[in-house]
Amino acid sequence: MRTQVAIVGGGPAGLLLSHLLHLQGIDSVVLERRSREELEAEIRAGVLEQGTADLLNEIGVGERMMEEGARHRGINLQFGGRRHRIDFHALVGRGIMLYGQHEVVKDLIAARLAAGGKIIFEAEGVGVRDLKSEGPRVLFRKDGEEEELSCDFVAGCDGFHGVCRPCIPESACATYERRYPFGWFGILVKAPRSSEELIYCLNERGFALISTRSPEIQRMYFQCDPEDDVANWPDERIWEEMHARLANDEGWDLIEGEIIQKGIVQMRSFVIEPMQYGRLFLAGDAAHIVPPTGAKGMNLAVGDVRVLSRGLAEYYSSGRTDLLDAYTRTCLGRVWKAQRFSWWMTSMLHRFHQEDEFRYRLQLAELDYVTSSRAASASLAENYTGLPVE
Ligand code: FAD
Ligand code: DHB
């Protein structure tokens, strides 16, 4: 089997890259470890930056998003029992789109398959070879048969636990990492919306977040012990904790419903430099992870493949490698700014050590400043709605 670009991983990064390449006449094959059903059912991100939503529209995969997604013009920050709105539109003239990552994945898979694109689901034992040569190869098993895909380039879009990043020798890269002493407990709830826009809340008991997926399905998170087990959290305990954290003086109340999914997410910041090794280019979570508080992960993945697709298009149209050579530099400028923003939002909104009252007071003062200073609110709005890709 042969293709121009072999893409390992069929998450948002891999699928979008395949579609962007197709639009420029470049052939690719996506190798995905999981089944289509598993991919389309995984509940993860929900916030699309304006630029991400605009891109999906420009490339013809935004139709369902425009019908079913919700355009939000701001978010709320709650602390000390009071709610403060950050009005993105008034501050920076753009907003965000609430639309589930798995819906984006569904739309991209449908678009690829409709255009005759090749996605190999349930590809097992993927391994990449000869990355420093002009003819890299990807080995895998499909239905018990050993297969080999030869290509010009490999795109490592296989997420944080994928096989591509470990192929870069330690001597050829540097990694930067931070872990956080808490995780997020996420729930999916069958209930009407409690709030028109997201609520990020800091309370003495910890962080809580109210988000949404549709008028009928809501997404909520609360800070928990990263080693905790969902079995320790029967529904009644979850609601008790959510009500306690979201207690307020505004007469607002959380609407409960049937909890249809529970899960715990670890929190980590991570970057590998460079994002390239020979003919392997890493994109998305394979190259960097942010804690979810800034809602940046999927948006960064989209930014990376946008840059990569331009570099590959330049190479195939003119033989020039200027854009590919600049891939790491172009992406990392944005990645590190998103790292800073995600780390800052996380630090401001979580309880670190229950007994550290000094730190908690500083966090409350920071929230007070961010919500009362136009300059500080505008900085949050500018970062949250998305910095330019290049
Ligand atoms: P992934 O989505 O991880 O996709 C990688 C794919 O590669 C997977 O399908 C995997 O099965 C496949 N794969 C792995 N190994 C192999 C292999 N060996 N062979 C073949 N295939 C392989 N981001 C936002 O922007 N906004 C948010 O609101 C947001 N909220 C989040 C909330 C939660 C609870 C979580 C967990 C994440 C959130 N994120 C958010 C982050 C976002 O989900 C990720 O950044 C995004 O999924 C990255 O996309 P990706 O394609 O790079 O990687
Ligand atoms: C959602 C996820 C996030 O990480 C975030 O910061 C806001 C919303 C969500 O899943 O809806």
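Numbers here simply count residues along the sequence, with the first being 1. Order of appearance sets the numbers: ligands from 1, and atoms from 1 within every ligand.
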Discussion item. Only heavy atoms of Val47, strictly under 4.0 Å: list the atoms of ligand 2 that pass.
Written reply: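 Listed by number with element, the hits are 7 (C), 8 (C).
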
Response to the item:
Thr293 heavy atoms within 4.0 Å reach ligand 2 at atoms 6 (O)

Worksheet item: Identify the closest protein heavy atom to atom 3 (C) of ligand 2: which residue and atom is it, and at what distance?
Response: Pro292 O, 3.6 Å

Response to the item:
In this structure, atom 5 (C) of ligand 2 is nearest to the protein heavy atom Tyr200 OH, 3.3 Å

Worksheet item: Which bit of Tyr99 is near ligand 2, meaning a heavy atom under 4.0 Å away: side chain, backbone, both or neither?
Response: neither

Worksheet item: Looking at Phe222 versus Trp233, is the centre-to-centre ring distance below 6.0 Å?
Response: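 Ring-ring flag for Phe222/Trp233: true, centres closer than 6.0 Å.
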
Discussion item. Looking only at the aromatic ring of each residue, does the gap between the centers of Phe79 and His84 stay below 6.0 angstrom?
Written reply: yes

Practice prompt. Could you tell me the separation between the OH atom of Tyr200 and the CE atom of Met348, rounded to the nearest 0.5 Å?
Written response: 10.0 Å

Worksheet entry | Partner of Asp152 under side-chain hydrogen bond (donor to acceptor under 3.5 Å, both in side chains), chosen from Arg279, Gln4, Arg2 |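 One option only clears the test, and that one is Arg2.
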
Discussion item. Can you work out which protein residues put a heavy atom within less than 4.0 Å of ligand 1?
Written reply: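 Those residues closer than 4.0 Å to ligand 1 by some heavy atom are Val8, Gly9, Gly10, Gly11, Pro12, Ala13, Leu31, Glu32, Arg33, Arg34, Leu39, Arg44, Ala45, Gly46, Val47, Gln101, Val126, Cys157, Asp158, Gly159, Gly162, Val163, Arg219, Tyr221, Val265, Gly284, Asp285, Ala295, Lys296, Gly297, Met298, Asn299, Ala301.
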
Discussion item. Can you confirm, on distance only, whether ligand 2 has an N/O atom lying under 3.5 Å from any N/O atom belonging to Arg213?
Written reply: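 Yes.
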
Worksheet entry | Close N or O approach (Ser211, ligand 2; < 3.5 Å) | yes

Worksheet item: Can you check whether Ala247's main-chain N or O pairs, donor with acceptor, with Trp252's side chain at less than 3.5 Å?
Response: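 Flag not set: sc Trp252 to bb Ala247 has no pair under 3.5 Å.
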
